[in-house]
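First up is the structure itself, then whatever we jot down about it.
The sequence lines fix the lettering, A, B, ..., with proteins before strands; numbering per chain opens at 1.
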Number of protein chains: 2
Amino acid sequence: MASASDTGSGATLTASARAIFRLLALQGSATRPQLGQSLGLSRPTMSAAMSELERIGYVDRVGEVQGALGRKAAMYRVGTAAGHVIAVDAGSTHIRLRVSTIDCRLLHSRVYRLPSSQLMLGAEISAAVADEVAAAMAVAQADWGPLRALGIALPSRVVGPGEDTVATRQDELFSRFAPPQGAPLILENNVNCAAVAEHVYGAAQETATFAYVQVGLKIGMGLMLEGRLLRGRNGAAGEIGHLAFPLAGDARPEPGEIERYMGTEALMRRVRDGWPAGEGDAPADTSDLLARAESGSGAAQAAVTRHAEDIGAIVASCVAVVDPGIVVLGGGVGGHPRLAPRVEEVANRLSYPVEVRTSTLGSDATVLGIEKLVVDRALEGLVGELRA
Amino acid sequence: MASASDTGSGATLTASARAIFRLLALQGSATRPQLGQSLGLSRPTMSAAMSELERIGYVDRVGEVQGALGRKAAMYRVGTAAGHVIAVDAGSTHIRLRVSTIDCRLLHSRVYRLPSSQLMLGAEISAAVADEVAAAMAVAQADWGPLRALGIALPSRVVGPGEDTVATRQDELFSRFAPPQGAPLILENNVNCAAVAEHVYGAAQETATFAYVQVGLKIGMGLMLEGRLLRGRNGAAGEIGHLAFPLAGDARPEPGEIERYMGTEALMRRVRDGWPAGEGDAPADTSDLLARAESGSGAAQAAVTRHAEDIGAIVASCVAVVDPGIVVLGGGVGGHPRLAPRVEEVANRLSYPVEVRTSTLGSDATVLGIEKLVVDRALEGLVGELRA
DNA sequence: CTAGTTTGTTAGTTACGTTAACAAACAAAA
DNA sequence: TTTTGTTTGTTAACGTAACTAACAAACTAG
């Protein structure tokens with residue numbers, strides 16, 4: 001056989017054992033016949049592979065299942081030696097942390113509210129991440145096994161180590177925080193993470209290709225194309241705050257103008273400026289605006305509809321570029337179910353068929369997304385996958 | 001070993017033989033030691049695999065190469081039994097056809113000028129394609145081997161068989177043309193094909209991710225992301241003629257308005273309308289405009305620069321969505337080298353770092369691209385690749 | 001208690017690689 | 001011209017990881 005060229009972490013396993021372990025980690029738990037049938041492996045092969053995996057502690061036998069007839073089938077799940085991962089959402093108001101096994105069983109979780117809202121990644125967030133990660137590693141139990149990977153979702157562009165990390169400000173994370181040695185560190189943009197979560201747990205479970213558009217304080221997009229996250233050459237894929245705007249025969253576009261125009265601040269300014277005298281005080285913030293639209297205020301409804309049309313135009317541009325077929329709307333403003341229909345209408349009028357859905361996940365979306373990414377990475381390390 | 005589950009066409013070959021054949025098809029020709037070293041296979045394995053491939057005619061020994069020292073090495077290339085493919089560019093003014101081996105050796109080629117320029121895919125083009133393909137199949141030589149695949153580049157969106165082929169008008173191709181039985185048929189958008197050609201032979205050879213933007217009569221884009229062409233849910237990825245436009249706080253966008261605004265017709269109308277009295281007659285067409293800009297006309301230069309700025313804004317929007325890092329400019333207008341610098345300047349000012357290059361390929365780009373795609377497909381059929 | 005079913009193990013086989021050893025074909029040095 | 005060392009290709013023996021066949025174990029249903 002061709003030399004297996006182990007990548008350090010994973011012990012020497014046969015290809016079938018690796019496939020079994022990977023499937024088990026993705027499925028959570030399964031019986032031996034189930035695994036064998038899914039992978040098309042014979043019972044002798046299963047026998048050898050499972051005893052090997054069990055011997056090194058990568059899988060545990062956790063019970064038996066009785067079918068309609070015949071002997072009981074052994075039930076397995078991922079074992080202690082497979083270890084655990086840490087996923088952190090380093091948000092602007094909260095740090096969310098999850099410690100999980102490779103098969104996404106939650107071992108520990110924590111939410112820490114930052115003393116003050118941070119507009120940009122900086123020392124404040126860095127220090128909080130350092131504290132939370134240290135605390136999580138301190139409470140680690142023996143049966144968590146080794147730490148296999150650490151992932152952090154950041155509210156900034158993220159590029160690989162060889163690239164221009166100064167422009168992205170991602171290095172600010174390390175001003176107070178030193179990542180633990182021995183486990184790979186994964187950084188990912190928080191909107192991308194939320195897109196992953198929508199794919200795994202949320203509104204886009206069945207489709208390998210879709211776009212997640214977040215509209216709130218700022219605007220951003222995560223692109224899942226054929227099951228893979230698109231990051232781009234500068235980690236800027238989905239940075240739709242930089243779409244050319246204004247774009248017209250006479251106007252000259254300005255950089256980042258869309259972000260300012262679509263953000264909550266400018267939105268509320270437009271709402272206040274156009275608020276009719278007869279409808280009382282203008283709404284105080286976006287949730288007030290949305291609530292008043294819900295409860296029947298004509299002016300609020302008009303403002304929300306107008307914002308939906310603006311979002312629709314932006315979505316149309318995204319559709320014209322990548323044609324995702326499905327767009328999931330999220331974020332403080334975009335996640336409101338009132339918006340989706342009008343966004344869909346406008347986007348379809350302007351470009352190509354898209355289904356616009358509203359996000360089904362709450363504020364945990366980003367941690368769940370980075371958790372999934374870090375688990376995937378840990379799994380790749382364990383089974384030593386050398387992809388093409 | 002796991003059952004190989006042959007996909008009909010490819011005979012039963014070992015994995016190593018398949019890998020050797022694939023490498024040889026991609027490289028064109030190579031010596032046995034070269035192939036063995038590239039794939040990390042031992043000499044006995046090479047011996048067995050090559051004799052097997054030679055026996056079924058998939059490879060031919062075409063000579064020997066003497067190294068600095070030692071025995072001569074045998075030189076191989078793809079054999080007759082591997083067959084050939086037909087690639088057709090069904091353009092609006094010309095039908096271009098190439099018959100090639102799996103390793104892209106040209107066997108036959110032809111260019112047919114349509115009696116009248118066709119704005120849309122229709123019976124005229126369909127009939128011409130039927131004629132040209134029939135003629136090519138009639139002159140087939142015995143040593144071309146079997147036809148493995150047929151590919152046609154179309155000036156329309158293309159979607160898979162299960163999708164809405166009415167909206168794309170792609171079925172117009174079959175109004176007068178019946179594809180030959182027994183070989184898979186591949187349809188692809190012509191701009192996507194040109195992008196593939198830029199990747200394989202042109203200005204984007206070293207990068208797996210880039211965008212090809214074609215500006216001429218119309219405007220379109222082909223996206224190569226991590227080595228794969230992005231088609232989108234409706235075959236509309238890259239249809240940037242449908243970017244939202246005009247896009248501004250007060251304006252309401254109209255569908256397809258960018259296509260009209262950026263197309264040569266509207267461009268020349270703007271040039272004529274703004275042409276200063278002192279500079280003589282306004283340019284007759286875009287090549288006249290570009291020539292006059294080259295030869296120093298201030299008004300022509302201003303018009304070209306203005307157009308480059310418009311293209312730059314559109315490129316900026318594309319960069320904000322997919323961040324390709326490199327954009328290749330092509331097409332009747334976009335392919336002029338005078339445009340790229342200003343496009344790059346504007347795009348970089350508005351969004352994220354992009355390098356803008358000018359296409360290096362001529363009018364053969366589209367055929368060469370579809371040839372590459374059809375050869376790849378044929379190869380997959382032969383080696384029976386079941387990708388994940 | 002027996003018959004039929006499902007699970008898991010043992011034994012033997014097959015496919016496809018490997019290394020080791022050798023023969024053939026060549027350039028350069030003696 | 002012969003010798004020496006190098007590279008190529010083949011043959012023989014071997015190893016790994018899958019497979020099938022056969023059997024033992026554990027269970028339900030009649």
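With rounding to whole Å, L39(B) atom CG is found 17 Å from dC16(C) atom P. Here the P atom of nucleotide dA26(D) and the CE atom of M75(A) are 21 Å apart, to the nearest Å. As a whole-Å value, the separation of L35(A) CG from dG8(C) C1' is 14 Å.
Under the ring pair (Phe, Tyr, Trp, His ring centres under 6.0 Å) criterion, the residue pairs touching residues 14-49 of chain A are F21(A)-Y58(A), with sequence neighbours excluded. Applying the salt bridge (charged side-chain N to carboxylate O under 4.0 Å, His left out) definition to pairs two or more places apart or across chains, those involving residues 68-86 of chain A are E64(A)-K72(A). Screening residues 35-57 of chain A for salt bridge (charged side-chain N to carboxylate O under 4.0 Å, His left out), with sequence neighbours left out, gives E54(A)-R61(A).
In this structure, R32(A) reaches the dG8(C) phosphate: one of its side-chain N or O atoms is under 4.0 Å from OP1 or OP2. Contact check, K72(B) against dA25(C): no side-chain N or O comes under 4.0 Å of OP1 or OP2. Phosphate contact (OP1/OP2 of dC16(C), side-chain N/O of S16(B), threshold under 4.0 Å): absent.
If you check residues 43-52 of chain A against DNA chain C, the residues with a heavy atom closer than 4.0 Å are R43(A), P44(A), S47(A), listed by number.
Taken to the nearest 0.5 Å, the OG atom of S29(A) stands 9.0 Å off from the CG atom of L35(A). With values rounded to the nearest 0.5 angstrom, L373(B) atom CG is found 6.5 Å from L229(B) atom CG.
Residues passing the side-chain hydrogen bond (donor to acceptor under 3.5 Å, both in side chains) test with E198(B) are S359(B), sequence neighbours excluded. In this structure Y76(B) satisfies the ring-ring contact (aromatic ring centres under 6.0 Å, His included) test with no other residue, sequence neighbours excluded. Residues passing the side chain to side chain contact (heavy atoms under 4.5 Å, CB included) test with T45(B), sequence neighbours excluded: S16(B), L41(B), S42(B). Among residues two or more places apart in sequence or in another chain, the side-chain hydrogen bond (donor to acceptor under 3.5 Å, both in side chains) test is passed with D60(B) by none.
The nearest heavy atom of DNA chain C to E64(B) and to A73(A) marks one nucleotide each, and the one closer to the 5' end goes with A73(A).
Across all strands, S42(B) comes closer than 4.0 Å to base atoms (heavy-atom distances).
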Pairs under 3.5 angstrom, nitrogen or oxygen only, protein versus nucleotides 28-30 of chain D, please.
none

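Between the side chain of R71(B) and the base of dT7(D) there is no donor-acceptor pair of N/O atoms closer than 3.5 Å.
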